Amino acid sequence: MINTSATASPDLLHAGWYTTEELAQLVKVDPSTLRRWRTQKPVQGPPFVRLSERMTLYSVDDVRTWLESRRTAPEEA
């Protein structure tokens, strides 16, 4: 994870970032799956920031929110 600050900050710039490869490892999918989600219509997966053609980052907070939105509690299913 790319951490842009030594101290925690609630703003997007300083909250921490995952690369495509780091996020893929974290959620146990192939990096190509994340790339496919980004290019599908409509776009799927967690929000992302494309810095260049070869560099896409995912905010730690956005990933957490996205994962929480995908969670299914057995008592609610």
Side-chain angles (χ1 to χ4, degrees):
M1 175 177 66
I2 298 171
N3 190 349
T4 57
S5 173
T7 61
S9 176
D11 68 273
L12 188 62
L13 184 60
H14 298 100
W17 297 87
Y18 295 117
T19 64
T20 298
E21 290 72 20
E22 289 169 334
L23 182 57
Q25 185 176 17
L26 181 70
V27 298
K28 299 183 181 358
V29 299
D30 193 88
S32 65
T33 299
L34 291 171
R35 292 184 195 101
R36 187 175 65 249
W37 289 348
R38 291 194 308 251
T39 59
Q40 284 185 327
K41 302 290 186 215
V43 174
Q44 297 182 7
F48 58 91
V49 175
R50 188 177 312 257
L51 296 178
S52 70
E53 191 65 31
R54 293 179 169 230
M55 175 61 92
T56 301
L57 296 177
Y58 297 86
S59 160
V60 170
D61 290 336
D62 284 344
V63 170
R64 182 179 299 116
T65 300
W66 176 74
L67 286 171
E68 287 171 356
S69 76
R70 311 283 299 168
R71 184 174 181 269
T72 302
E75 62 275 3
E76 297 170 6

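For the single chain, residues carry numbers from 1 onward in sequence order. Quantities reported herein were computed from a predicted structural model and do not represent experimental measurements.
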task = Under the side chain to side chain contact (heavy atoms under 4.5 Å, CB included) rule, collect the residues that match up with S52, sequence neighbours excluded.
result = R54, M55
note = Sorted by chain and residue number, the side-chain hydrogen bond (donor to acceptor under 3.5 Å, both in side chains) partners of T20 (sequence neighbours excluded) come out as R38
query = Please walk me through it: do D30 and S32 pass side chain to side chain donor-acceptor pair (under 3.5 Å)?
reply = CA-CA 5 Å; D30 193 88; S32 65; 2.8 Å; yes
key: E53 vs R35, salt bridge (Lys or Arg N to Asp or Glu O under 4.0 Å): CA-CA, chis, key distance, verdict   = CA-CA 12 Å; E53 191 65 31; R35 292 184 195 101; over 6 Å; no
task = Hey, could you give me the NZ/OG1 distance between K28 and T33, rounded to the nearest 0.5 Å?
result = 14.0 Å
query = Distance from L57 atom CG to D62 atom CG, nearest 0.5 Å?
reply = 11.5 Å
Q25 atom CD, over 12 foreign heavy atoms within 6.0 Å = no
task = Heavy atoms only: give me the nearest F48-V43 pair and the separation to one decimal.
result = CE2-CG1, 3.7 Å
ask   = Is the CZ atom of R70 crowded by more than 12 outside heavy atoms at less than 6.0 Å?
value = no
Shortest non-hydrogen contact from Y58 toward P47 = CD2-O, 3.3 Å
request  = Look up atom CG in L34 and atom CD in Q44, then write down how far apart they are to the nearest 0.5 Å.
outcome  = 11.5 Å
inquiry  = Testing the basics here: between W66 and G45, what is the closest heavy-atom pair and its distance to 0.1 Å?
reply    = NE1-C, 3.4 Å
request  = Could you walk me through whether T56 and L51 pass the side chain to side chain contact (heavy atoms under 4.5 Å, CB included) test, one step at a time?
outcome  = CA-CA 6 Å; T56 301; L51 296 178; over 6 Å; no
